[in-house]
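Comments concern the structure below.
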Amino acid sequence: MELFKLDPGLAAWTWIAFGALLFILWKFVFPPLMKNIKTRERTIAKSVDNAAAIERRLGEIEEEREKILKEAGVKADEILHQTRKDAEVLKAKLVEKAEKEAENILVLARNKAAAEREALLQTLQEDLADFVCDASEKVIGASFISEKERQWTRELVKEL
Amino acid sequence: MNLTLLAKAIAVIGAGIGIAGGGIGIGLIGGKALDAIARQPQEKKDIRTNMILMAALIEGLAFFGAIIALLVVFMK
Amino acid sequence: MKLHIRKITFVFFFTAVIPFFAAAEQADVSGTLFHHILDSKKIDLFPGIAPVTLPFGMSVHVLMLILAALLIVGFSLLAVKKGILKPKSPAVIVETLVLFVRDDIVIPVMGEERGEKWLPFFFTQFIFLLTVNLLGLIPAFKTATGNINVTTSMALLVFILIFIIGMKNLGIVGFFKNLFPEGTNIPIGIFVAFLEFIGIFTRSIVLSLRLFANMFAGHLAILSFLVLIFVINPLFGFVSMPFAVFTYVLEVLVGLIQAFVFTLLSCIYIMMASTSENE
């Protein structure tokens with residue numbers, strides 16, 4: 001039967017072709033090809049590692065940021081609170097001081113007004129005494145009143 | 001002459017039966033493999049490789065029947 | 001692109017059908033069928049042209065084998081020279097195939113360390129068989145793997161490797177001891193070991209027969225559909241042509257699958273023989 005005819009030449013040629021192909025591929029094609037593939041696989045693996053590391057660091061940074069933010073918030077709250085308290089105290093103090101000053105000013109003004117009134121009253125009395133003396137002189141028509149009497153009149157008016 | 005023709009006819013029928021058996025086998029394999037893939041899609045690659053392997057093993061048997069039938073049919 | 005495909009299809013059918021005009025005249029159907037599948041010392045493409053006798057007593061299948069080897073060598077050397085970074089580089093295809101063989105065949109069966117060592121052998125086996133299988137689908141070319149001598153010598157290589165690697169890894173005594181099943185009494189153990197030993201032979205034979213039968217029967221099916229046109233009626237071409245196209249497309253798939261299966265099975269057989277079951 002032709003279908004199963006033995007052909008040693010063809011078998012030998014198969015081995016020769018396969019052997020030569022294997023030799024050439026093993027010797028000249030595979031070393032550079034596998035090197036390329038290995039390099040690429042390594043690069044990819046490294047990139048993946050890098051990406052993972054970057055992601056991890058990003059996460060860390062994010063966490064740190066969160067923490068710092070939280071701390072800052074707490075600190076800001078504290079500062080705000082403190083400031084508010086300080087402001088309160090300061091305000092109270094200032095108000096107190098202002099009140100005191102205002103009182104002082106009031107007292108001073110009152111004193112001053114009193115002194116002025118006194119002075120005015122005194123001048124008025126003196127003037128009145130003088131006026132009385134002058135009027136008396138005019139009525140009498142002579143200068144009878146000595147300096148001593150004038151003084152006395154003044155005293156009198158003052159006591160009035 | 002008539003006897004030879006009869007032998008050839010029987011050989012062809014035998015080849016047909018053999019191929020039908022192979023067809024049943026491959027059908028079973030394909031069905032089960034699809035079942036498995038539907039159940040576990042993540043194992044798709046493994047299942048497909050094994051499916052092709054098994055189908056080839058059975059297909060080989062079917063082809064032996066066909067080849068033997070051919071030998072008989074084309075026998076001078 | 002579509003026009004391109006149509007053109008190729010047309011040329012394919014034109015060249016595929018021509019030889020059968022001669023067959024119709026001779027009316028020797030089986031002779032014509034086998035003539036187009038089996039080996040011959042002459043190339044005869046067209047009925048009008050006288051057949052060319054090949055030099056050095058080579059046959060067409062030898063020519064196909066050498067052509068396939070040259071194709072692979074040229075392609076892979078070009079791939080290595082060009083590198084994968086250039087556009088349209090053949091390295092893309094070569095590296096894809098290498099990675100396919102490595103990740104889908106060798107490493108799952110053999111493991112990382114041994115797989116890397118044996119990858120060139122199995123890759124060569126795979127690409128050689130694949131190229132020879134697919135070369136046969138080009139009209140006027142022949143399938144060398146459709147010849148039992150070719151497949152048998154490929155399987156014989158695996159058969160020899162089973163013994164060599166098995167004995168190298170386990171030792172001669174260990175190799176035969178590996179055939180014995182664990183934990184059975186001696187008579188049954190001997191029987192099983194005998195069956196296992198026979199199994200090595202049958203596995204190798206079946207390995208060669210499977211590839212041969214697949215390629216041979218596939219091409220025979222295509223040709224049978226085409227021959228029917230001349231045997232029955234020219235109008236029958238409308239029926240048998242679609243079937244022929246279908247079988248042809250199927251043959252592309254079968255060529256790929258058979259190369260894959262051959263490589264995978266030889267890998268498994270070598271691995272089975274060279275690792276003891278206790279490990």
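Note: hydrogens, waters and symmetry copies are ignored here, and every other heavy atom, side chains too, is used.
Ion pairing between a basic and an acidic side chain is recognised when a charged N comes within 4.0 Å of a carboxylate O; A/K70 and A/E64 show no such pairing. Between A/R110 and A/E103 there is no salt bridge, since no side-chain N of the basic residue sits under 4.0 Å from a carboxylate O of the acidic one. Of the charged side-chain nitrogens involved, at least one lies within less than 4.0 Å of a carboxylate oxygen, so that A/R65 and A/E62 count as a salt-bridged pair.
Residue A/K38 touches chain C through its side chain alone, counting heavy-atom pairs closer than 4.5 Å. For C/Q125, the parts lying near chain A are the backbone and the side chain together; criterion is any non-hydrogen pair under 4.5 Å. Contact of A/L22 with chain C is made through backbone and side chain together, with heavy-atom distances under 4.5 Å. Proximity to chain A (any heavy atom under 4.5 Å) is shown, for C/L70, by neither the backbone nor the side chain. Looking at A/L21, the atoms closer than 4.5 Å to chain C (heavy atoms on both sides) sit in the backbone and in the side chain alike. For a residue to count as touching a neighbouring chain, one of its non-hydrogen atoms must lie under 4.5 Å from one of that chain's; by this rule C/V98 touches chain A with the side chain only.
The environment of CZ in A/F23 is sparse: at most 12 heavy-atom neighbours from other residues, nucleotides or ligands sit within 6.0 Å.
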Next on the checklist: Let's go through A/F28 and C/V80 carefully: what are the C-alpha distance in whole Å and the side-chain angles of both, what is the deciding distance for side-chain contact (heavy atoms from CB on, under 4.5 Å) to 0.1 Å, and is it a yes or a no?
Outcome noted: CA-CA 9 Å; A/F28 300 111; C/V80 167; over 6 Å; no

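When each of C/E116, C/E95, C/K81 is scored by its heavy-atom pairs under 4.5 Å with chain A, the top score falls to C/E95.
At a cut-off of 3.5 Å, with distance as the only test, no side-chain donor of C/R210 or C/T151 sits close to an acceptor on the other residue.
With a 4.5 Å cut-off on side-chain heavy atoms, C/I107 and C/E113 do not count as touching.
Checked against the 6.0 Å centroid threshold, C/F262 and C/F126 do not count as a close aromatic pair.
Note on ring orientation: taking the six-membered ring where Trp is involved, the planes of C/W118 and C/F122 are tilted (angle from 30° to 60°).
Scanning residues 153-160 of chain C against chain A with a 4.5 Å heavy-atom cutoff picks out C/S153, C/M154, C/L156, C/L157, C/I160, ordered by number.
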